[in-house]
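Numbers restart at 1 for each chain; the letters A, B, ... are given by sequence-line order, proteins then strands. We use all heavy atoms of the structure for the numbers below, so side chains are in, but hydrogens, waters and symmetry mates are not.
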2 protein chains.
Amino acid sequence: MLQGTLDMLILKALSLGALHGYGVIQRIRQTSDEMLNVEQGSLYPALYRIEQKGWVSSKWETNETGRRAKFYSLTRAGRKQLEEEEASWDRLVLAIAKVRQAT
Amino acid sequence: MLQGTLDMLILKALSLGALHGYGVIQRIRQTSDEMLNVEQGSLYPALYRIEQKGWVSSKWETNETGRRAKFYSLTRAGRKQLEEEEASWDRLVLAIAKVRQAT
DNA sequence: CGCGATGCCTAGAAAGACGAGGCATAATAG
DNA sequence: CTATTATGCCTCGTCTTTCTAGGCATCGCG
């Protein structure tokens with residue numbers, strides 16, 4: 001996958017509600033109609049980075065099946081960051097569209 | 001800039017006609033309405049990689065002002081590669097749009 | 001004459017994604 | 001009952017790509 005988009009996808013997934021890491025992967029896969037598959041080796045380091053930056057907070061909880069898991073939720077800063085990354089993404093998509101339209 | 005899009009931009013720029021490295025930077029900047037600025041330190045290594053892969057070929061020529069410059073032109077394989085990268089880009093944009101639409 | 005633009009290049013650092021592995025428990029298949 | 005798959009977490013090393021910062025040469029213009 002393209003480097004730089006993962007943070008946005010994770011933040012977006014968490015914007016739909018708190019979730020544990022493994023669930024983030026599933027949510028991204030589902031909401032993208034199976035088009036995006038995030039590897040665990042990419043996700044967990046990314047979650048760590050993102051938490052260090054204060055965009056998410058985590059706590060260990062127990063899910064509905066009785067398993068313990070680390071649940072992440074968006075912070076206010078994370079919500080702001082998501083907006084910025086989406087805007088930045090839109091700019092990039094627009095810029096590349098322009099180049100591709102050039103004759 | 002996002003990692004992974006540079007090759008496509010270079011190939012696209014060259015699809016409009018052969019050009020030397022410095023000119024590729026200008027063409028990308030112009031066609032993107034100044035939104036994309038490729039650094040020389042990114043471009044020249046990228047051109048080298050792309051040539052190694054057989055997507056472009058180069059030869060030293062003299063431009064209209066009498067300066068020598070290395071002109072790159074798309075090969076058939078390069079044209080094919082450009083199509084693939086554009087299709088792949090479209091898929092990614094679609095996939096991310098889906099995730100962002102999710103409620 | 002000096003400086004910015006044009007033109008090429010490299011080396012090193014930084015970042016991020018990935019594959020492969022390790023570990024543990026629960027559910028399911030055989 | 002046992003073996004495999006799914007769920008859940010993590011780390012390490014590698015690879016790729018981009019950027020910053022430099023170096024070098026020539027041309028045009030003020």
Side-chain N or O of Y44(A) closer than 4.0 Å to phosphate OP1/OP2 of dC10(D): no
Tell me: CD1 of I25(B) to C1' of dG7(C), nearest whole Å? 10 Å
Taking DNA chain D as the partner, which of residues 49-63 of chain B come within under 4.0 angstrom of it by heavy atom? R49(B)
Which of these nucleotides, dA5(C), dA17(C), dC8(C), is closest to any side-chain atom of R67(B)? dA5(C)
Please give, in whole Å, the distance from dA17(C) C1' to I28(A) CD1? 13 Å
Would you mind classifying the nucleic acid contact of G66(B) as base, sugar-phosphate or nothing, using non-hydrogen atoms under 4.0 angstrom? nothing
Would you kindly give the OH-to-P distance between Y72(B) and dG7(C), to the nearest whole Å? 14 Å
Closest heavy-atom pair and its distance - R91(A), M35(B): O-CE, 3.5 Å
Beyond-backbone contact of D7(B) with E85(B), side-chain heavy atoms, under 4.5 angstrom: yes
Can you measure I10(B) atom CD1 to dT17(D) atom P for me and round it to whole angstrom units? 11 Å
Could you check whether any side-chain heavy atom of L6(B) comes within less than 4.5 Å of a side-chain heavy atom of S42(B), counting everything from C-beta outward? yes
Any Lys/Arg nitrogen of K59(A) or E61(A) sitting under 4.0 Å from an Asp/Glu carboxylate oxygen of the other? yes
Kindly indicate whether the side chain of V38(B), heavy atoms from C-beta on, has any atom under 4.5 Å from the side chain of M1(B). yes
Does a side-chain heavy-atom distance below 4.5 Å link L9(B) with V24(B)? no
Using heavy atoms to find the nearest nucleotide of DNA chain C for K70(B) and Q26(B) separately, return the residue whose nucleotide is more 5′. Q26(B)
On DNA chain C, does the nearest nucleotide to H20(B) precede the nearest nucleotide to S42(B) from the 5' side, or the other way round? Give the residue. H20(B)
Heavy-atom check, side chain of Y22(B) versus side chain of Q26(B), under 4.5 Å: yes
Identify, between Y22(A) and P45(B), the residue whose nearest nucleotide on DNA chain D lies closer to the 5' end. Y22(A)
Contact class for G23(B) (heavy atom, under 4.0 Å): base, sugar-phosphate, or nothing? nothing
Shortest non-hydrogen contact from Q40(B) toward P45(B): O-CD, 3.9 Å
Are any of the side-chain heavy atoms of L2(A) and W89(B) separated by less than 4.5 Å? yes
What integer distance in Å separates L2(B):CG from dT17(D):P? 13 Å
With a 4.5 Å heavy-atom cut-off, do L92(B) and L36(A) have their side chains touching? yes
Let's see if you get this right: which residues in residues 32-41 of chain B place a heavy atom under 4.0 Å from DNA chain D? E39(B), G41(B)
Most 5' of Y48(A) and R68(A) on DNA chain D, judged by nearest nucleotide: R68(A)
Atom-to-atom span, CE of M1(A) to P of dT16(D) - whole angstrom: 18 Å
Take atom CD of Q3(A) and atom P of dC18(C), then tell me their distance rounded to the nearest Å. 8 Å
Could you check how far CE of M8(A) sits from P of dG16(C), rounded to whole Å? 15 Å
